[in-house]
S.K.: 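Pasting a structure below so you can have a look.
Just so it is clear, the model here is predicted, and its values are computed rather than measured. Reckoned from all heavy atoms, side chains included, excluding hydrogens, waters and symmetry mates.
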Amino acid sequence: MKLNLVKASTGASWVRQGVRIFARQPLALGGLFFLFIGAMSILGLIPLLGGLASLVLLPAATVGLLQAARYVEAGKFPLPKVLAVSLLGSAAKRSAMIKLGAYYALAFLLSLAITLLIDGGEFAKLYLMGGSLSEETLQNSNIQLAAVVGTLLYIPLALLFWHAPALVYWFDVPPGKALFFSFTACWKNMGAIAVFFMTWGAVFLAVALVVTMVSAVLGTGFLQAAVMPLAMILAAMVTVSVYFSVRDSFSDALPPLPN
């Protein structure tokens, strides 16, 4: 598999293409993302095993969202079953995706385990088991530091798994090699990745400013009602735009879409 080196400005192009494709089928892609988040949240409600299962299945579900973006790009309507597409194929491919998910769960839990050394597990407990964010919790310096460290540790994890699910499903790359190729692709195209995140950061900031200005006129009720749906829509657009980063980073042609 040959890695394509792209210009830094390509990162902004990925954002534009993601927004454009989402705008073609906003209800379908938005609905799939809501379904994705809902399924992960429901699994997370099951003590211990549910949270672990949601981590293991995350790469497989991510492939479903990327496949949905391909359907829309091809002028087709993505059905809900696309979210499980990587688990409905051959046994070998399903096994590889589950193995990749196990790697992700292990790496994620290890990154959380490191934060135990900082705050005794308060941040990890809050992240894994949920709960309310009290003022005391927000002002706890140890929890704040643990959150910062956890976020920093997640950055290399995100680079490892950025392209990996697509490489395993679309190109039949073994999970271990997919992680290596994913990190290498992100490292070699770090300029484009940085522009990608900066562009999305600017979009999020612009949306936040607009919502704040409108809420100043209509009241805080509008702010409370709009924040969550807008955040979910923007997150869905980000996921769609990841598809274009995968497509442009490797020279191999994507396999044909099923009819």
Side-chain angles (χ1 to χ4, degrees), residues 1-4 6 14 17-18 21-22 25 28-29 31-33 35-40 43 52-108 157-189 193 196 235-259:
M1 178 177 295
K2 183 180 178 182
L3 170 65
N4 293 329
V6 300
W14 294 337
Q17 292 177 90
I21 290 298
F22 185 87
Q25 290 282 1
L29 291 173
L32 285 171
F33 188 80
L35 182 60
F36 160 74
I37 293 296
M40 294 296 105
L43 272 176
L52 181 61
S54 64
L55 290 173
V56 171
L57 292 175
L58 186 60
T62 300
V63 164
L65 292 172
L66 300 184
Q67 187 82 328
R70 289 191 64 200
Y71 272 106
V72 175
E73 184 185 33
K76 300 180 179 181
F77 187 87
L79 296 174
K81 67 179 182 180
V82 74
L83 287 178
V85 66
S86 63
L87 302 176
L88 299 176
S90 67
K93 191 160 290 190
R94 181 166 54 251
S95 175
M97 288 303 305
I98 295 298
K99 187 176 183 180
L100 181 67
Y103 287 163
Y104 177 80
L106 178 61
F108 182 82
L157 179 62
L159 297 181
L160 277 170
F161 285 87
W162 186 276
H163 303 287
L167 292 175
V168 170
Y169 179 67
W170 287 333
F171 303 119
D172 294 319
V173 178
K177 289 185 177 180
L179 294 174
F180 172 78
F181 290 147
S182 176
F183 187 85
T184 301
C186 289
W187 184 259
K188 294 291 186 179
N189 290 319
I193 295 291
F196 176 87
M237 289 182 179
V238 172
T239 304
V240 172
S241 61
V242 168
Y243 157 64
F244 293 97
S245 74
V246 175
R247 188 195 66 181
D248 292 347
S249 295
F250 299 95
S251 59
D252 289 18
L254 296 177
L257 286 168
N259 294 324

S.K.: Kindly give the heavy-atom pair with the smallest separation between I193 and C186, and that separation in Å.
M.R.: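 Smallest heavy-atom distance, with atoms named: CG1-O, 4.0 Å.
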S.K.: Which residue pairs satisfy the side-chain hydrogen bond (donor to acceptor under 3.5 Å, both in side chains) criterion with at least one member in residues 55-66, sequence neighbours excluded?
M.R.: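 Qualifying pairs, neighbours excluded: none.
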S.K.: Do V240 and L29 touch side chain to side chain, with heavy atoms closer than 4.5 Å?
M.R.: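 Yes, side chains in contact.
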S.K.: Are P59 and M97 close enough that some pair of their side-chain heavy atoms sits under 4.5 Å apart?
M.R.: yes
S.K.: Between W162 and F181, is the gap from one ring center to the other below 6.0 Å?
M.R.: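 No, ring centres 6.0 Å or more apart.
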S.K.: From the options V82, I21, V85, select the one residue that forms a side-chain contact (heavy atoms from CB on, under 4.5 Å) with Y71.
M.R.: V82
S.K.: State the OH-CG distance between Y104 and L100, to the nearest 0.5 angstrom.
M.R.: 10.5 Å
S.K.: Per the side-chain hydrogen bond (donor to acceptor under 3.5 Å, both in side chains) rule, what does the pair list look like for residues 163-172, sequence neighbours excluded?
M.R.: Q67-W170, K93-D172
S.K.: Side chains of P165 and L66: does their closest heavy-atom pair fall under 4.5 Å?
M.R.: no
S.K.: Check the pair W187 / L159 against side-chain contact (heavy atoms from CB on, under 4.5 Å), numbers first and verdict last.
M.R.: CA-CA 8 Å; W187 184 259; L159 297 181; 5.6 Å; no
S.K.: Tell me every residue that passes ring pair (Phe, Tyr, Trp, His ring centres under 6.0 Å) with F22, counting only those two or more places apart in sequence or in another chain.
M.R.: none
S.K.: Answer whether the closest heavy-atom distance between the side chains of W14 and D248 falls below 4.5 Å.
M.R.: yes
S.K.: Would you check if I98 and L57 make a side-chain contact, meaning some heavy-atom pair closer than 4.5 Å?
M.R.: yes
S.K.: Kindly state each residue pair satisfying salt bridge (charged side-chain N to carboxylate O under 4.0 Å, His left out) with at least one member in residues 98-108, sequence neighbours excluded.
M.R.: none
S.K.: Is the shortest side-chain heavy-atom distance between L254 and Y243 below 4.5 Å?
M.R.: yes
S.K.: With distance as the sole test, does N189 use its side chain to make a donor-acceptor pair with the main-chain N or O of N4 at under 3.5 Å?
M.R.: yes
S.K.: Specify the closest pair of heavy atoms between V246 and A166, including all atoms of both residues, with the distance to one decimal.
M.R.: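 Looking at all heavy atoms of both residues, the closest pair is CG1-CB, 3.7 Å.
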S.K.: Please identify each residue that fulfils salt bridge (Lys or Arg N to Asp or Glu O under 4.0 Å) with R247, with sequence neighbours left out.
M.R.: E73
S.K.: Nearest 0.5 Å, what's the CD1-CG distance between I37 and L32?
M.R.: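 The CD1 atom of I37 sits 12.0 Å away from the CG atom of L32.
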S.K.: Residues in ring pair (Phe, Tyr, Trp, His ring centres under 6.0 Å) with F36, at least two apart?
M.R.: F33
S.K.: Please enumerate all residues that pass side-chain contact (heavy atoms from CB on, under 4.5 Å) together with A107, with sequence neighbours excluded.
M.R.: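 Expected list: L157.
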S.K.: To check you understand the geometry: which heavy-atom pair defines the closest contact between V56 and A105, and what is its length?
M.R.: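 What the structure gives for the nearest pair is CG2-CB, 3.9 Å.
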S.K.: What I'd like to find out is whether the side chain of K2 reaches to under 4.5 Å of the side chain of F250, using heavy atoms alone.
M.R.: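 No; the side chains remain at least 4.5 Å from each other.
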S.K.: S249: which residues meet the side chain to side chain donor-acceptor pair (under 3.5 Å) condition with it, sequence neighbours left out?
M.R.: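 Expected list: none.
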S.K.: Suppose we screen for side-chain contact (heavy atoms from CB on, under 4.5 Å). Which residues come up paired with L35, at least two apart in sequence or across chains?
M.R.: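 Expected list: P80, L83.
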S.K.: Backbone N or O of G89 within a donor-acceptor pair of the R94 side chain at under 3.5 Å?
M.R.: yes
S.K.: Quick one: side-chain contact (heavy atoms from CB on, under 4.5 Å) partners of T184, sequence neighbours excluded?
M.R.: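 For T184 the side-chain contact (heavy atoms from CB on, under 4.5 Å) partners, ignoring immediate neighbours, are L3, F180, K188.
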S.K.: Which atoms form the tightest heavy-atom contact between A178 and V168, and what is the distance?
M.R.: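 The pair with the smallest heavy-atom distance is CB-CG2, 3.7 Å.
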S.K.: Using modelled atom types and a 3.5 Å cut-off, is there a donor and acceptor pairing between side-chain atoms of S245 and backbone atoms of V242?
M.R.: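 Yes, because the side chain of S245 sits within donor-acceptor range (under 3.5 Å) of the backbone of V242.
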S.K.: Any side-chain heavy atom of S182 within less than 4.5 Å of one from F161?
M.R.: no
